[in-house]
Amino acid sequence: MKSCSYCGKEYPDDARVCAIDGEPLINAAQNGPTMRSKVSGVWRGTYGYESKGTLSEKIVSFTLSLKQGWLGHFSGTVTEDIPDGMPGVGQVDGFLEWPRIEFAKQMPVGYIAKPDGNRITLREYFIEHGHACESELPSPPITYKGRFLDANRVQGYWVIRPTRISLPDGWGVTMPQSASLWCAEFMAGDAKTKTTDAPGQPFFDRTLLPEPEVLTEANSPFRSLGKFTVADAQGFLGQFDAANIRFEIGQDDSPMRRMTPFVASLGGCYGTATRIEIYVHPDDEVKARAIINENSQV
């Protein structure tokens, strides 16, 4: 038995190259544990909405077209199947560190759910409430985290942290937190491949997720204030401590990872340092934003 050195697909002993991506085959025993070093190509996936701890019947299918970069970084696009998915072509930016994967997804137009279950764009929502909004607003960033089940299948959870979207006049809306499960399956090494096939099974099996409490982190009530340089974050957090503001932090070293190994070995370039994302408790958000705004005007 042989397997593809790139995607891990298995073939009989007389095969020489992978029919999916054209990469050479090696003996399965020689290959060791099946793994993937690149995510370039087309992936078909689904995500679901969770209600009171169980998946509802609403499942949205999507297509990822990805290109692998340096140091585990990858980028690409995502399209969701209509009518349940969001229209337009979204952007994907993430990292692969076998067997884990993480990426941020942002769709070009953001939507908000109305009490009757229908959805309207954020722009329509602002206009409906008497506020001028000249152009469509993008969706809040959606974080996807997952773990590979094998070289061609991955599943995990997605989360939208509570996000405040404001207009220049200060009026805005806080998008509520959402979190549930997702999965994807590798379809082809050529990113131009068109496919509407649904991912295979099993997926959304909690026993196969990275941790039993995979949604614990996602269910945190803290809201993101944005990402800041290390120096600015240290200043803000010191003032938050003095004001008894409850906060959490997250580190984003993606700018460093996007660099070539040579540049990274020299310590990076100006403007590519690690950034710190700050989250605060909803009850402390007004005080925290006032501190940030005050320092920004200095």
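We use all heavy atoms of the structure for the numbers below, so side chains are in, but hydrogens, waters and symmetry mates are not. Bear in mind that the values here come from a model prediction, so they are computed numbers and not experimental data.
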Minimum side-chain heavy-atom gap Phe186-Leu66 below 4.5 Å
no
Answer yes or no: is there a side-chain heavy-atom contact under 4.5 Å between Gln106 and Asp93?
no
Please state whether the rings of His73 and Phe95 are parallel, tilted or perpendicular, taking 30° and 60° as the class boundaries.
tilted
How are the rings of His129 and Tyr125 set relative to one another: parallel (under 30°), tilted (30 to 60°) or perpendicular (over 60°)?
tilted
I'd like to check Lys105 versus Glu80 (side-chain heavy atoms, cut-off strictly below 4.5 Å). Are they in contact?
yes
Heavy atoms of Phe62 and Cys183 approach each other most closely as CZ-O, 3.8 Å
side-chain contact (heavy atoms from CB on, under 4.5 Å) for Met86 and Val109? Distances and angles first, verdict last.
CA-CA 8 Å; Met86 290 187 285; Val109 178; over 6 Å; no
Any idea which heavy atoms bring Ile245 and Phe247 closest together, and the distance?
O-CD2, 3.3 Å
Under the 3.5 angstrom rule, does the side chain of Glu97 hit a backbone N or O of Ile101 as a donor-acceptor pair?
no
Do Val89 and Pro108 have side chains that approach each other closer than 4.5 Å (heavy atoms only, starting at C-beta)?
no
Note: Tyr144 and Ile142 closest approach over all heavy atoms is CE1-CG2, 3.5 Å
With side chains defined as the heavy atoms from C-beta onward, is the minimum distance between Leu225 and Phe236 less than 4.5 Å?
no
Taking the side chain as every heavy atom from C-beta outward, state whether Val78 and Met107 have any atom pair closer than 4.5 Å.
yes
Between Val154 and Arg36, is there a side-chain heavy-atom distance shorter than 4.5 Å?
no
Do the side chains of Ile120 and Phe126 join up, straight or via other hydrophobic residues, at under 4.5 Å, putting them in one cluster?
yes
Would you say the side chain of Leu181 lies within less than 4.5 Å of the side chain of Gln155, judging by non-hydrogen atoms?
no
Check: Trp43 ring centroid to Phe103 ring centroid under 6.0 Å
no
For residues Lys145 and Trp182, report the shortest heavy-atom separation together with the two atoms involved.
O-NE1, 3.0 Å
Can you see which heavy atom on Ala288 is nearest to which on Val280, and at what distance?
CB-CG1, 3.9 Å
Taking Thr63 for the side chain and Thr79 for the main chain, is one N or O donor matched with an acceptor at less than 3.5 Å?
no
Taking every non-hydrogen atom, the tightest pair across Arg44 and Ser61
NH2-CB, 3.7 Å
Can you classify the ring geometry of Trp158 versus Tyr47 as parallel (below 30°), tilted (30 to 60°) or perpendicular (above 60°)?
perpendicular
